[in-house]
Amino acid sequence: MPHSDFSSIRARLEGANPVPLAMSLIHLTGDLSLLEHIVPHIRGAWEHLESIPPALAADIRERMAACLVEMSTGGTPVMAQPSSLVIQRMMSTAVGEQVSEAYVPMLLEQVGLQVSDQHMLNLARTITPSEVPSRPKTNALHVVIIGAGASGLCAAIHLGKLGIPYTIFEKNAEVGGTWYENRYPGCAVDTPNHFYQFSFEPNNNWPNYFSQRDAIQAYLEHCADKYEVRKHIRFNTEVSSVVFDEATQTWSIQASQKTTKQTTDDTDRVEYIQANAVICAVGQLNRPAIPKLPGLEQFQGQVVHTAQWPEHLDVKGKKIALIGTGASAVQVGPAIAAQVESLAVLQRSGSWVVRRPNIDGVVSEDTKWVLNNVPFYAPWYRFQLFWAFGDGLFEALKIDPTWQGGSESISAFNARLRESMVKHIRRELAGRDDLLKKVVPDFPPFGKRVLGDAGWYSMLKRDNVRLETGAIKQVHAKAVELEDGTLIEADILVMATGFQAGRMLWPMDIQGRGGVTIRQKWGDDDPRAFLGITAPEFPNFFMMYGPNTNIGHGGSALFLAECQTRYFMGLIQALRTQPIRSVECRQEVHDRYNQEIDSLLGQLSWSHPSVSTWYKNAKGRIVTNQPWSLLDYWRLTYEAKLSDYHLVG
């Protein structure tokens, strides 16, 4: 390659973070001495926590440019697959702290790196293989998936790879689930995008570090197209009932297809289908929660939930009352504040809205080039994000029973995080003590979901924005009245009020063995399952993003989907290759698991007396969140153990 190509490559490498670039260079050259040079300058996994001297960073870029020129003429990496001990050392250097060998197998799987030995990979196998011997015969199976959001797509793609026939019922006109439905201004992912993606389908061309809704929807549509999922989907079709037939050990699914054109017969077309197994991928966040405010029916303006944002809603010059200060509120508020005449934010309780590096950052063309063209760079970049947004903060969830932090904190670590979070709020609201008193939460960090600051505090300082903390007394024709008599004029009420998360699987009628229904087992808000995936009396019925699976300290919903898919695919494979027609979780296994998680959850931040959250049901039991670290749940779901199940042949 001519020297000019070296120069152009060298220029492109300005878009590279020096830490993952150094790791890539080690793969290409085998020069482990690089680790000693950079380790003193790395204090954490986030990009802003490295301070590699400019001269050293420039040298890494020079050497990488030379390596890429050499590779273009037939060169090969010296160390494409390091030993597991070397990769552990590289990982520890890259994030500025010791990475336990227990994490290495999960990290390798998630980022797509390989090692030359099995030393640490064997740590992943925490349970024994299935006890029933495999048979060469393959049983005919058909699987139904309910929902074509990210979880449903993940399950479908893996079924397709194994050649197992499946049908997806999707109530919407397109794939994407929550990303298809949520279209409010400012809607975006609050997890770094190069982490918020399937490990088997990395995307090196995200437009932003925290991309907007349209980019994520496009990614999910791409996955559906690439893996030929669409031909299996019944769009605009909603499942109404799922009934288990004990005689055949199969499920009967009834679904109704919405009419999309005006006809003389306005009755929806009903379809019935039999399936050997059902994967219910509707998740927790799919049915909007609309608060029952006195007088709401009298309001003459428009009432809009963020998850049902009308496509052509015009807020310009309008008076808006934004009800709620959760995840969607802190995005939609800043996105519309400059357009509206007035924006009144009605806050019941403050949220921890914190600094998130690169939250508004655009991925440069040079960075995209590096991700696509420098060997090993993308996996190492993803590794850093996985670590930064993974289990590093898990300890902050744990209540120290000896800690005297009142309602402010639950441990020394939690208190340090609070101090850092409050520092950000004070910096953003400098000179506005009136706002500071209102927004700083009166509960510990991680008592509720921690949110990224995409302009929330700067929005609150605008002249056309007011923050009200009084309770809503009544809604009038053109205003909202607070308990203290304050009247807030409004043309549009925006409900940023979340979802009916505890009412999982509603409104479907799901009947298991003996005719027992899921509502009889769970009531309206007490869902329980083994690993959040299976429940006794519901054979061959697998849930995704089910009870007690929400991750409260970091992670990614797509990581969760992959864990659950791997687990139940093992059970579906058993149905396919062994003399088994159904698998049903044993009651004692289910009960023991739920007793354990209830006990563990009682020791975490969401159970603190100062915390009121949608994670809890009416009786105070936490029904949405899991008590596990990412590693814990990955290992728990690594492989299904058939002894946990009743088997019917």
Side-chain angles (χ1 to χ4, degrees), residues 126-127 129-132 141 143-147 151-152 154-155 158-159 164 166 239 242-246 249-251 253 275-284 504-505 508 510-514 516-522 526-550 560-576 578 580-598 623-624 626-628 632-649:
T126 58
I127 56 178
S130 304
E131 292 84 353
V132 180
L141 290 182
V143 179
V144 160
I145 302 172
I146 306 173
S151 294
C154 183
H158 283 80
L159 287 170
I164 298 175
Y166 65 91
V239 171
V242 185
V243 180
F244 187 67
D245 184 336
E246 293 187 60
Q249 296 292 301
T250 61
W251 288 93
I253 297 94
N276 301 92
V278 174
I279 299 169
C280 190
V282 299
Q284 299 182 11
M504 293 181 201
L505 309 191
M508 290 183 290
I510 300 172
Q511 298 182 32
R513 181 170 52 80
V516 65
T517 70
I518 206 75
R519 296 271 73 87
Q520 288 172 336
K521 300 294 291 186
W522 290 354
D526 195 23
R528 299 171 186 263
F530 175 52
L531 301 173
I533 300 173
T534 66
E537 300 178 85
F538 296 90
N540 297 358
F541 186 87
F542 309 113
M543 291 166 272
M544 303 190 74
Y545 195 25
N548 295 111
T549 56
N550 189 54
L560 191 69
E562 289 189 37
C563 289
Q564 293 166 350
T565 297
R566 178 182 56 233
Y567 181 85
F568 61 65
M569 284 304 297
L571 295 171
I572 291 173
Q573 276 287 67
L575 297 176
R576 186 189 193 200
Q578 300 179 10
I580 302 171
R581 289 191 296 161
S582 70
V583 292
E584 177 188 341
C585 180
R586 293 180 180 274
Q587 188 71 52
E588 66 272 18
V589 171
H590 169 276
D591 292 350
R592 184 168 59 246
Y593 176 81
N594 277 270
Q595 289 167 6
E596 181 180 11
I597 64 171
D598 283 350
V623 297
T624 60
Q626 58 174 281
W628 310 115
D632 288 336
Y633 195 72
W634 182 83
R635 296 181 77 172
L636 284 167
T637 56
Y638 188 78
E639 186 177 15
K641 188 176 182 181
L642 288 183
S643 60
D644 288 336
Y645 291 83
H646 291 294
L647 311 178
V648 175

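All values reported here derive from a predicted model rather than from experimental measurement.
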Who passes side chain to side chain contact (heavy atoms under 4.5 Å, CB included) against [X], sequence neighbours left out?
X: Asp526; answer: Arg528, Asn617, Arg621, Val623
X: Glu562; answer: Gln110, Cys154, Phe198, Ser199, Phe200
X: Val516; answer: Gln520, Lys521, Glu537, Phe538

Once you round to the nearest 0.5 Å, how far does [atom1] of [X] lie from [atom2] of [Y]?
X: Ile533; Y: Phe542; atom1: CD1; atom2: CZ; result: 9.0 Å
X: Thr637; Y: Gln564; atom1: OG1; atom2: CD; result: 7.5 Å
X: Gln249; Y: Glu584; atom1: CD; atom2: CD; result: 8.5 Å
X: Leu636; Y: Phe530; atom1: CG; atom2: CZ; result: 7.5 Å

Short side-chain to backbone donor-acceptor contact, [X] and [Y], under 3.5 Å:
X: Tyr633; Y: Leu531; value: yes
X: Arg586; Y: Ser643; value: yes
X: Asp245; Y: Trp251; value: no
X: Gln511; Y: Val242; value: no

I want to check something: taking the side chain as every heavy atom from C-beta on, are [X] and [Y] in contact at a cut-off of under 4.5 Å?
X: Val583; Y: Asn540; value: yes
X: Thr624; Y: Met504; value: yes
X: Cys280; Y: Leu505; value: yes
X: Glu246; Y: Phe244; value: yes
X: Gln626; Y: Asp632; value: no
X: Leu642; Y: Ile580; value: yes
X: Ile145; Y: Leu159; value: yes
X: Ile572; Y: Met569; value: yes

Intermediate values then yes/no, side-chain contact (heavy atoms from CB on, under 4.5 Å), Thr250 and Arg581 = CA-CA 8 Å; Thr250 61; Arg581 289 191 296 161; over 6 Å; no
Could you label the plane-to-plane angle of the Tyr645 and Tyr567 rings as parallel, tilted or perpendicular, counting under 30° as parallel and over 60° as perpendicular?
-> tilted
